[in-house]
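Data first, discussion second: the structure below is written as structure tokens.
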Number of protein chains: 2
Amino acid sequence: MFEELDNHITRCAPMSSSELGVFHSRLKSKILKKKTLLLQQGEICKFEAYIVKGCVKKYYIDPDGEEVILQFAVEDWWISDIGSFSEQKPSNLFIETLEDTEVLMIDFESKQRLFAEIPKLERVFRIMMQRAYSVLEGRFYATVAHSAEALYLEFLEKYPTIPQRVPQQQIASYLGITPESLSRIKSKLLKKD
Amino acid sequence: MFEELDNHITRCAPMSSSELGVFHSRLKSKILKKKTLLLQQGEICKFEAYIVKGCVKKYYIDPDGEEVILQFAVEDWWISDIGSFSEQKPSNLFIETLEDTEVLMIDFESKQRLFAEIPKLERVFRIMMQRAYSVLEGRFYATVAHSAEALYLEFLEKYPTIPQRVPQQQIASYLGITPESLSRIKSKLLKKD
DNA sequence: TTAAGTTCTTATCCTACATCAAGAGTTACG
DNA sequence: CGTAACTCTTGATGTAGGATAAGAACTTAA
């Protein structure tokens with residue numbers, strides 16, 4: 001349950017097994033049913049969640065009532081509204097499970113306490129944030145520079161497991177296009193081969 | 001020169017003036033002429049730079065040879081290619097001054113040493129990263145969800161000083177539209193009022 | 001197993017923005 | 001100065017993807 005997580009952590013900063021033990025003890029394991037809402041617009045995000053097993057989406061509802069998916073998270077990813085969590089201010093976003101999902105969650109106070117107890121973790125989370133930032137930056141550049149078709153192909157490469165796990169309309173939403181357009185792109189790609 | 005910077009830092013973590021002194025001593029002040037390239041595609045980004053005075057752009061060159069501006073940075077901002085800097089790997093980006101600019105720069109080794117000397121700074125930079133992340137996230141959401149006109153109006157609100165400082169074609173590039181489209185948007189907005 | 005959701009596809013028409021082109025101001029400098 | 005080199009505007013035309021609609025295929029559950 002903790003192996004992958006510990007690998008990531010010790011790659012950022014060496015950590016004794018007792019320190020890892022303290023870290024583990026602050027994480028709460030939860031099993032969540034499909035379609036569970038972890039965060040709703042207007043709420044303060046109370047967690048950072050590491051996904052042990054399952055699949056989660058983060059989205060907001062635009063003024064027309066349309067769901068716009070900003071992120072999928074699967075095994076071995078973290079999910080949270082970082083702005084809302086770290087500033088403890090209301091979120092604009094929703095976070096919801098797409099499958100039955102097992103997560104390890106940490107709340108704001110536990111994280112603060114943890115940093116006081118194991119300052120090295122401050123480094124671990126700084127490095128994780130840097131990586132998350134540059135991943136988001138890369139995605140942003142791709143979105144402005146590439147066509148819908150190119151974005152879809154990149155998505156398939158990067159997240160090969162997701163198309164089998166979530167409906168295509170949600171992938172379309174993530175790509176910033178309509179389900180109809182994605183359908184057209186797919187049939188066009190099929191003809192090409 | 002350091003006041004604004006120190007304000008930001010002490011708001012993240014209390015810091016004695018001797019600690020701040022150590023931090024300052026690791027920063028190199030530089031005065032850069034307009035159009036100075038700080039980073040080029042293929043290079044490893046060797047700095048994080050805090051802008052004391054001036055204006056800088058970060059961009060990449062797309063396959064058609066077009067400059068795509070990803071970020072403007074003005075007084076009191078940091079600029080770097082975080083991915084390239086923190087992983088010490090080649091960058092895809094360019095960073096270039098748009099005006100004569102004064103910066104405070106820190107290099108990779110100095111930053112590492114600084115964290116060893118003043119572990120509290122680890123927290124400061126973690127918090128800065130979190131903020132940067134949620135700002136980028138917000139911009140990303142806006143880009144996928146809003147029209148070019150809305151993006152331009154948001155840009156004017158958020159960065160009121162930039163339009164007077166940089167050519168409109170560069171703002172268009174930042175917004176992800178052509179200069180012609182921006183020109184049309186502007187004339188349409190003028191007629192409205 | 002049938003009916004009621006969902007989800008995906010296909011077709012037609014539409015719109016925001018791109019592309020191409022030409023002209024009008026501005027700024028830089030030989 | 002005057003001419004080159006940008007920069008901005010405006011117009012004509014093109015296109016990727018949106019909106020709408022309707023039906024097909026697949027799911028779910030009574």
Side-chain angles (χ1 to χ4, degrees), chain A residues 33-35 55 57 59 61-69 72 96-100 141-156 161-193, chain B residues 33-36 55 57 59 61-69 72 96-100 141-156 162-193:
Chain A
K33 279 236 161 298
K34 187 172 170 170
K35 294 199 180 177
C55 185
K57 65 180 169 179
Y59 60 98
I61 307 285
D62 75 14
D64 312 335
E66 287 293 323
E67 179 179 312
V68 179
I69 296 182
F72 291 114
E96 185 182 333
T97 55
L98 289 164
E99 301 174 350
D100 294 354
Y141 307 165
T143 301
V144 303
H146 298 353
S147 69
E149 183 180 321
L151 291 175
Y152 176 60
L153 292 171
E154 287 161 27
F155 177 81
L156 290 181
T161 71
I162 291 183
Q164 293 110 53
R165 299 168 80 168
V166 315
Q168 274 163 25
Q169 26 167 321
Q170 310 225 2
I171 294 169
S173 165
Y174 175 88
L175 296 173
I177 60 178
T178 58
E180 294 91 336
S181 291
L182 181 54
S183 182
R184 268 182 243 127
I185 287 167
K186 282 182 59 188
S187 69
K188 195 180 142 205
L189 288 172
L190 278 174
K191 273 175 215 153
K192 267 190 192 170
D193 306 328
Chain B
K33 279 239 160 300
K34 187 173 172 170
K35 295 197 179 180
T36 305
C55 186
K57 66 179 170 180
Y59 61 97
I61 306 286
D62 75 15
D64 312 336
E66 286 294 323
E67 179 179 311
V68 180
I69 295 182
F72 291 114
E96 184 180 335
T97 55
L98 289 164
E99 300 173 350
D100 292 354
Y141 308 164
T143 303
V144 302
H146 297 352
S147 68
E149 183 180 321
L151 290 176
Y152 177 59
L153 291 170
E154 286 161 28
F155 177 81
L156 290 181
I162 292 184
Q164 293 109 54
R165 299 168 80 168
V166 315
Q168 274 161 26
Q169 25 168 322
Q170 309 225 3
I171 294 169
S173 165
Y174 175 90
L175 296 173
I177 60 178
T178 57
E180 294 91 331
S181 292
L182 181 54
S183 180
R184 278 187 210 108
I185 286 167
K186 282 181 59 188
S187 69
K188 194 179 142 205
L189 289 170
L190 278 174
K191 273 175 214 151
K192 267 191 190 169
D193 307 325

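In what follows, chains carry the letters A, B, and so on, assigned in the order in which the sequence lines appear, proteins first and then strands, with residues in each chain numbered from 1.
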Test item: A:Tyr141 and B:Val68 side chains (from C-beta on) under 4.5 Å apart, heavy atoms: no

A:Glu149 CD - D:dT15 P separation (whole Å): 16 Å

Contact pattern, 5' to 3', of nucleotides 24-30 of chain C - B, S or - by protein heavy atom under 4.0 Å: -------

Side-chain touch B:Arg165/B:Leu98, heavy atoms, less than 4.5 angstrom: no

Flag side-chain contact, heavy atom, 4.5 Å: A:Val166 against A:Lys57: no

4.5 Å side-chain heavy-atom contact, A:Thr143 and B:Thr143: no

Exercise: identify the closest heavy-atom pair between B:Gln168 and B:Lys186: NE2-NZ, 2.5 Å

Flag side-chain contact, heavy atom, 4.5 Å: A:Leu151 against A:Ile177: no

Residue pair B:Gln170 / B:Tyr59, side-chain heavy-atom distance below 4.5 Å: no

Nearest-angstrom distance from the residue atom CD1 of A:Ile177 to P of D:dA19: 12 Å

Nucleotide-resolved protein contact map, nucleotides 4-11 of chain C, B/S/- at heavy-atom distance under 4.0 Å: ---SSBBB

B:Leu175 CG - C:dA18 P separation (whole Å): 10 Å

Side chain to side chain, B:Leu189 and B:Tyr152, heavy atoms closer than 4.5 Å: yes

Euclidean distance, atom CD1 of residue B:Ile185 to atom P of D:dG11 [Å, nearest integer]: 16 Å

Between D:dT27 (P) and A:Lys34 (NZ): distance, integer Å: 11 Å

